[in-house]
Peer 1: 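Have a look at the structure that comes next, please.
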Amino acid sequence: MGVVIDQNKCRGCRKCINICPGNIIRINDSGKAYLKRKEDCWSCVSCVKECPVSAIELKLSPEIGGQGGRMSLKTDGNVTEWTITRGNGDKKVIITDTAEANNY
Ligand code: SF4
Ligand code: SF4
């Protein structure tokens with residue numbers, strides 16, 4: 001699977017760099033984050049959760065039914081907004097609230 005970083009959205013805050021357990025994200029000369037060694041990403045999603053501007057998306061592989069889609073998320077307190085973008089561009093948004101976790 002792996003992740004992709006949208007250079008247009010990235011603000012260069014370095015939060016993804018600090019959280020990545022594989023130490024594989026770097027900042028380029030334009031102050032934007034990029035994956036130095038894509039093959040070493042094991043899709044732990046830590047950087048996807050950490051990015052404050054949803055610039056990082058998890059690639060959803062065919063093996064899990066993703067069919068070329070991508071997933072990003074935005075967290076505000078207990079509430080997380082998950083955005084799934086399908087291969088054809090259609091979007092689906094799922095909202096979860098950890099305060100209501102026992103209801104899922
Ligand atoms: S998904 Fe995990 S391993 Fe891959 S770049 Fe993000 S934080 Fe690093
Ligand atoms: S956390 Fe997001 S905004 Fe910050 S450097 Fe990484 S990709 Fe860019």
Side-chain angles (χ1 to χ4, degrees):
M1 290 193 285
V3 297
V4 288
I5 302 175
D6 186 334
Q7 303 276 298
N8 293 319
K9 288 184 180 175
C10 176
R11 294 180 187 163
C13 71
R14 294 178 171 262
K15 287 187 171 185
C16 56
I17 293 172
N18 294 335
I19 199 81
C20 177
N23 191 27
I24 60 177
I25 308 176
R26 296 285 187 277
I27 292 285
N28 65 19
D29 291 343
S30 303
K32 308 288 186 175
Y34 71 99
L35 287 187
K36 185 176 182 194
R37 300 185 310 275
K38 290 180 187 173
E39 67 278 11
D40 288 345
C41 171
W42 63 89
S43 305
C44 71
V45 198
S46 297
C47 59
V48 178
K49 292 178 182 172
E50 195 72 4
C51 181
V53 293
S54 304
I56 310 179
E57 292 179 300
L58 176 70
K59 291 190 276 188
L60 302 174
S61 66
E63 289 84 352
I64 61 166
Q67 299 174 336
R70 295 179 179 183
M71 181 195 76
S72 65
L73 61 88
K74 190 184 301 180
T75 301
D76 184 7
N78 290 336
V79 177
T80 301
E81 182 180 293
W82 309 76
T83 300
I84 312 290
T85 305
R86 295 195 173 93
N88 65 5
D90 289 349
K91 287 185 189 287
K92 181 175 180 67
V93 175
I94 299 168
I95 307 238
T96 57
D97 185 341
T98 55
E100 297 178 6
N102 289 337
N103 296 329
Y104 296 124

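The figures here come from the full heavy-atom set of this structure, side chains too, leaving out hydrogens, waters and symmetry mates. Counting starts at 1 for both ligands and their atoms, in listed order. All figures in this text were calculated on a predicted structure; none of them were measured in a lab.
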Peer 1: Can you list the ligand 2 atoms lying under 4.0 Å from a non-hydrogen atom of I56?
Peer 2: 7 (S)
Peer 1: Check each of V3, L60, T83 against M71 using the side chain to side chain contact (heavy atoms under 4.5 Å, CB included) test, and report the only one that passes.
Peer 2: L60
Peer 1: Can you report which non-hydrogen protein atom sits closest to atom 3 (S) of ligand 2, along with the distance?
Peer 2: R11 N, 3.3 Å
Peer 1: Test of understanding: given a 4.0 Å heavy-atom threshold, classify the contact between R14 and ligand 2 as side chain, backbone, both, or neither.
Peer 2: backbone
Peer 1: Measure from atom 2 (Fe) of ligand 2 to each N, O or S atom of C51 and report whether any distance is below 2.8 Å.
Peer 2: yes
Peer 1: Which atoms of ligand 1 sit under 4.0 Å from any heavy atom of L35?
Peer 2: 5 (S)
Peer 1: Of all the heavy-atom pairs spanning S54 and K9, show the shortest one and how long it is.
Peer 2: O-NZ, 3.5 Å
Peer 1: Just which atoms of ligand 1 are under 4.0 Å from any heavy atom in V45?
Peer 2: 1 (S), 2 (Fe)
Peer 1: Is there an N/O/S atom in C47 that lies less than 2.8 Å from atom 4 (Fe) of ligand 1?
Peer 2: no
Peer 1: Kindly work out whether a path of hydrophobic side-chain contacts (I/L/V/M/F/W/Y, heavy atoms less than 4.5 Å apart) joins I17 to L58.
Peer 2: yes
Peer 1: Within the structure, is a non-hydrogen atom of P21 found at a distance of less than 4.0 Å from ligand 1?
Peer 2: yes
Peer 1: Tell me which protein heavy atom sits closest to atom 6 (Fe) of ligand 2, plus the residue, atom name and distance to 0.1 Å.
Peer 2: C16 SG, 2.3 Å
Peer 1: Looking only at heavy atoms, what is the nearest atom pair of C20 and I25, with distance?
Peer 2: CB-CD1, 4.0 Å
Peer 1: Hey, does the side chain of S43 reach the backbone of G2 with a donor-acceptor pair shorter than 3.5 angstrom?
Peer 2: yes
Peer 1: Students should be able to answer this: which protein heavy-atom is nearest to atom 4 (Fe) of ligand 1, and at what distance?
Peer 2: C41 SG, 2.4 Å
Peer 1: Would you compute the distance between atom CG of L35 and atom CD1 of I24 and round it to the nearest 0.5 angstrom?
Peer 2: 5.5 Å
Peer 1: Could you list the atoms of ligand 2 found under 4.0 angstrom from a heavy atom of V53?
Peer 2: 3 (S)
Peer 1: Inspect the surroundings of CZ in R14 and state if more than 12 heavy atoms from other residues, nucleotides or ligands are less than 6.0 Å away.
Peer 2: no
Peer 1: Of the protein's non-hydrogen atoms, which lies at the shortest distance from atom 8 (Fe) of ligand 1, and what is that distance?
Peer 2: C20 SG, 2.4 Å
Peer 1: Check K32 against C10 and note the closest heavy-atom contact, atom names and distance.
Peer 2: NZ-O, 2.8 Å
Peer 1: So do the side chains of E57 and S72 get within less than 4.5 Å of each other, counting heavy atoms only?
Peer 2: yes
Peer 1: Can an N, O or S atom be found in C44 less than 2.8 Å away from atom 6 (Fe) of ligand 1?
Peer 2: no
